[in-house]
There are 2 protein chains.
Amino acid sequence: MGTLDKNSYIPYYVQIKEDILERIRNAIYRPGQQLPSEQVLAQEYQVTRTTVRKALEELKREGVILTEKGKGSVVSNSRIEQSLLQFYSFGREIGTTVEAAVSRVIQVRQIPASPQLEKKLRLARNGKINEIVRLRYYRNTPLILEFSYIPLEVAPSITQNDLQYQSIYDLLERFYGKRIQKAKEYLYPRISDVYESELLQIPKHSPVFQTERITRGEDGRVLEFRRSVIRGDKVAFSTELK
Amino acid sequence: MGTLDKNSYIPYYVQIKEDILERIRNAIYRPGQQLPSEQVLAQEYQVTRTTVRKALEELKREGVILTEKGKGSVVSNSRIEQSLLQFYSFGREIGTTVEAAVSRVIQVRQIPASPQLEKKLRLARNGKINEIVRLRYYRNTPLILEFSYIPLEVAPSITQNDLQYQSIYDLLERFYGKRIQKAKEYLYPRISDVYESELLQIPKHSPVFQTERITRGEDGRVLEFRRSVIRGDKVAFSTELK
DNA sequence: GAGTGGTCTAGACCACACC
DNA sequence: GTGTGGTCTAGACCACTCA
């Protein structure tokens, strides 16, 4: 259905963009899946192809879809997976090429939430959580140490096996029906502690980046709090200005 | 003159975008100055307004120009002034509002370049440089400590007075005719030293961000190397993912 | 060859800023 | 009012991909 409000003061292309986003959230269009052609979308929404293109252009710019000449548009794999990482440059190599990125699960366990985590996760008192510790490599060098915290309310009990062949977000969605609505991520400078230093193979008390991310589900509840420690000697952030 | 190559395989809108960039570099269009209207540009380049708009849209997205409905488009003030800072969020406040940003010059002197600086600035042996140290405040709190290094070849001798009412880039352009071509900036985590800590009013050996920026002129030579130390307790970087 | 996205034209109407 | 950027239409041709 082309649910376009022709009387709204909101431009058509914005309405179309929002509608497509909504369809992606509702898994009508799934990651990796081909979108209908611009021609078809134009008919469906009863607008010209130009207007559809304007909507798709914005989605492309935001990394929601990918387009290929002569082929079509496909929905990107969860943008939330990428996050700030897309801005990093790893040493002299190019950013987030999926190929060379390998991850190892260090630990998965169920523990009571600390007061700080209860706050971050908006948990009730004495809440229990899954703790998942992973180490991400790039070309055999450990670069990122990730701590994920997921309330048992959200996912009863996660095991190491669950994470062998799928991401946390895939797991949450496929097995627990929790769809991700949005996430907010922050970047700070920090000094590594002894544990982090050892796993990342850097001198203790080295300067590192830390990111914190809070992911929320459709009902607005916190699905995950994730803290990542990123080597400062190998990973930089850069922009070029012209 | 609309110097559009109609036989090129390069799209018109890209050619137009490059041409406008070139005009900005050549100060035909200056920062703060109004661009010709889309209508006029379309005539000049002998294309439709739609095509001009596509070019302007990209320039707008890249922060080169600003457009205001009903008024027109103006060239942004040196984008290079903004840099990565536009991505930061200061505590709970919003990013780079010019108003509340005050800067104080701590020191200006001429010194021989250290070997490291010679390398960064691509200087010959025993090169001399201007060193400018500034402290930037936001709401009376020191947030950023900036070290600028400019070869004497570029600007013979800079004094504190020169920087009272204008930026370094304004100074280079107005008094020394050095126009900026491009800049590259990097962001790292670091640990503050005693001097930095004192000026920024933070405990010594605190985690901080450091940016390094290399600015080049039209001939490709390095005009400035700048190192900024940014408080990690007040400044964060954030993105929202939807 | 049929279908796709990429570019471009030649118009149109609107909301807004300025005089 | 006139001029501006913002949106939209209805076409067109192209280069590309895939069968």
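Labels below follow one simple rule: chain letters A, B, ... track the order of the sequence lines, proteins then strands, and each chain is numbered from 1. Computed over heavy atoms, backbone and side chain alike; hydrogens, waters and symmetry mates excluded.
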Between A/Asp233 and B/Tyr188: side-chain donor-acceptor atoms closer than 3.5 Å: no
Find the distance A/Leu41:CG to D/dT9:P and express it as a whole number of Å. 14 Å
I'd like to know if B/Glu57 and A/Lys54 make a salt bridge, using a cut-off of under 4.0 Å between side-chain N and carboxylate O. yes
So A/Val52 and A/Leu41, do their side chains get closer than 4.5 Å, heavy atoms only? yes
Roughly, in whole Å, what's the span from CD in B/Glu57 to C1' in C/dC8? 15 Å
Interatomic distance where OH belongs to B/Tyr9 and P belongs to C/dC8 [whole Å]: 14 Å
Calculate, to the nearest 0.5 Å, the distance between atoms CD and CZ belonging to A/Gln43 and A/Arg49 respectively. 12.5 Å
Calculate the interatomic distance between B/Gln15 atom CD and C/dT7 atom C1'; express it in whole Å. 12 Å
What is the distance, to the nearest angstrom, from the CG atom on B/Leu59 to the P atom on D/dG5? 13 Å
Would you check if the side chain of A/Arg231 reaches a backbone N or O of A/Leu200 as a donor-acceptor pair within less than 3.5 Å? yes
Please tell me if A/Thr50 has a side-chain N or O lying less than 4.0 Å from either OP1 or OP2 of D/dA10. no
Rounded distance (Å) that lies between atom P of C/dC14 and atom OH of A/Tyr12: 12 Å
Quick one: which protein N/O atoms are closer than 3.5 Å to N/O atoms of nucleotides 3-5 of chain C? Pair and distance per line, please.
| residue | atom | partner | partner atom | Å |
| --- | --- | --- | --- | --- |
| C/dG3 | N2 | A/Gly70 | O | 3.0 |
| C/dG5 | OP2 | A/Glu38 | N | 2.9 |
| C/dG5 | N7 | A/Arg49 | NH2 | 3.3 |

Nearest-Å distance, CG (B/Leu4) to C1' (C/dT7)? 13 Å
Short side-chain N/O contact to D/dC8 OP1/OP2 from A/Tyr13, under 4.0 Å: no
Rounding to an integer number of Å, can you tell me how far B/Glu58 CD sits from C/dG6 P? 12 Å
Examine distances only and state if a side-chain atom of B/Ser73 and a backbone atom of B/Thr67 form a donor-acceptor pair shorter than 3.5 Å. no
Quick one: is A/Thr48 getting a side-chain N or O under 4.0 Å of the D/dG11 phosphate, OP1 or OP2? no
Taking the side chain as everything from C-beta on, heavy atoms only, tell me whether A/Tyr13 gets closer than 4.5 Å to A/Leu56. no
